[in-house]
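Both backbone and side-chain heavy atoms feed into the values below; hydrogens, waters and symmetry mates do not. Residue numbers start from 1 in every chain, and the chains themselves are labelled A, B, ... in the order their sequence lines are given, proteins ahead of strands.
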Protein chains: 2
Amino acid sequence: MGEDAPVTDGRRLRGLRRRAEIIEATLRVVRRDGAAGVTHRTVAREAGIPTSLTTYYFATLDDLLVAALSSVADTYTARIRAIADAGGDILRGLAELIAESAGPGRERALAERELSTLAARRPALRPVARRWRDNVAELARARSADPDAVAALVAAADGLCAGVLLDPDSADVERIRAVLGRALAADTAPAP
Amino acid sequence: MGEDAPVTDGRRLRGLRRRAEIIEATLRVVRRDGAAGVTHRTVAREAGIPTSLTTYYFATLDDLLVAALSSVADTYTARIRAIADAGGDILRGLAELIAESAGPGRERALAERELSTLAARRPALRPVARRWRDNVAELARARSADPDAVAALVAAADGLCAGVLLDPDSADVERIRAVLGRALAADTAPAP
DNA sequence: ATACAACTAGTACTTTCGTTCAACTAGTTG
DNA sequence: CAACTAGTTGAACGAAAGTACTAGTTGTAT
């Protein structure tokens with residue numbers, strides 16, 4: 001990894017920027033057409049670069065998918081940490097995050113879900129997929145010491161997200177929060 | 001269905017059998033390579049028939065996927081109804097069903113999950129995907145009248161299944177049952 | 001400035017995809 | 001028996017895929 005590059009910044013930086021560009025283009029493709037739509041060619045076309053560049057930076061399609069989807073996971077992680085740091089109603093913050101999957105965040109949520117589905121089959125993606133669950137678990141541990149309760153919340157959050165994706169009309173923040181609260185077996189009553 | 005076919009049995013029956021054969025072959029491909037691996041050619045090869053036959057019975061790939069995945073959903077539905085009819089510990093039956101996803105039922109569970117992921121993108125698959133959740137919900141209503149509790153159980157079951165798929169080592173029936181019980185907010189203590 | 005490594009670009013090869021088509025077989029009907 | 005239709009077959013098409021290769025460009029170090 002790091003390999004404390006003796007190479008000076010000029011070239012390396014340009015390369016990293018290209019890399020980031022390609023990852024972003026990949027994410028746009030995933031959001032539009034799903035993980036199945038990701039090919040060297042579609043990504044290159046989306047980024048406006050020749051096909052050979054995508055294969056130069058990502059030798060195999062799997063490399064590309066891993067990079068792109070772990071990038072998605074990173075932004076998700078940041079969101080969850082923000083909820084934890086805000087220090088307010090954690091469950092409500094989580095519920096709002098989940099409810100987003102019905103509207104503006106739908107494509108991102110879909111990409112997340114395709115990641116975890118892919119991860120079950122490709123070991124390379126598994127640790128990335130687990131990161132999401134670990135973050136939610138950590139969030140839950142702030143509210144309950146019972147491992148079963150924590151597991152219940154993580155599972156419920158995942159399942160609720162899937163449900164919202166399946167019919168977006170059911171995405172009501174209050175309701176989601178109530179369900180989450182029930183899973184955590186903590187104060188199910190809404191805050192005053 | 002019945003549609004009191006004026007056609008005599010010979011041709012019609014042969015056709016239906018072919019149809020079923022192709023669907024089965026499709027499921028084997030899905031279980032082995034995922035939904036992305038389903039093509040007219042791979043399915044035909046798996047079934048040992050020429051490619052043109054699969055297009056004869058299923059004009060488009062979507063038709064084939066819908067048929068195959070709704071077949072999976074049917075067997076799942078049957079399993080859940082069996083749990084309900086057994087009349088014993090419903091949560092335990094559900095936990096056992098989920099725990100199966102770590103072992104022998106892993107491929108089937110994976111196929112189910114790919115269905116619901118696909119369903120979020122293709123409206124044609126949506127009702128099929130919802131059937132699974134509706135069945136679990138019905139199962140839960142036998143134990144609780146609180147809609148939030150029912151929703152929590154459905155979500156938890158879905159999320160637990162995803163978790164087991166992600167790391168099969170965590171598939172402990174007792175633990176899963178405990179988590180499910182907590183979600184339903186019903187007797188979390190194990191049976192005597 | 002020269003040499004070298006990182007980067008960019010274009011192109012070509014091979015495979016596989018979805019789909020179509022004309023011909024052939026075998027049951028059904030009149 | 002003859003006409004008809006559902007079922008079946010193998011071959012073929014163009015489009016798009018993954019990958020590999022070669023030539024050219026740019027920035028860095030000696």
Return yes if a side-chain donor-acceptor contact under 3.5 Å exists between T75(B) and R108(B), otherwise no. no
Per-nt protein contacts along nucleotides 11-22 of chain C (heavy atom under 4.0 Å; B base, S backbone sugar-phosphate only, - none) come out as -B----BBBBB-
Whole angstroms only, please: what is the CG-P distance between D62(A) and dG18(D)? 12 Å
E96(A) with R177(A): basic N within carboxylate O range, under 4.0 Å: no
Could you provide the dot-bracket string of DNA chain C, using ( ) for intrastrand pairs, [ ] for crossing pairs and | for bases paired to another strand, with Watson-Crick or G-U pairs below 3.5 Å? ||||||||||||||||||||||||||||||
Other than L165(A), what residues sit in its cluster of Ile, Leu, Val, Met, Phe, Trp and Tyr side chains whose heavy atoms are under 4.5 Å apart, directly or through others? L110(A)
Atom pair distance, as rounded to whole Å: CD1 in I49(B) and P in dT8(D): 8 Å
D33(A) CG to dA17(D) P: how many Å, rounded? 11 Å
Does T77(B) have any side chain to side chain donor-acceptor pair (under 3.5 Å) partners at least two apart in sequence or in another chain, and if so, which? N135(B)
So does R18(B) get a side-chain nitrogen or oxygen closer than 4.0 Å to the phosphate oxygens (OP1/OP2) of dT8(D)? yes
Please report, to 0.1 Å, the donor-acceptor pairs under 3.5 Å made by any side chain of residues 65-73 of chain B, with sequence neighbours excluded.
unit_1: S70(B); atom_1: OG; unit_2: V66(B); atom_2: O; d: 3.3
unit_1: S70(B); atom_1: OG; unit_2: A67(B); atom_2: O; d: 3.3

Please lay out, stage by stage, how S52(A) and T55(A) fare under the test side chain to side chain donor-acceptor pair (under 3.5 Å). CA-CA 5 Å; S52(A) 47; T55(A) 69; 5.8 Å; no
To the nearest Å, how far apart are R19(B) CZ and dA6(D) P? 15 Å
The complete set of salt bridge (charged side-chain N to carboxylate O under 4.0 Å, His left out) pairs with one or both residues in residues 66-78 of chain B, sequence neighbours excluded, reads D74(B)-R131(B)
Salt bridge check, D167(A) against R126(B): does any charged N sit closer than 4.0 Å to a carboxylate O? no
In whole angstrom, give the distance that lies between atom OH of Y56(A) and atom P of dT19(D). 17 Å
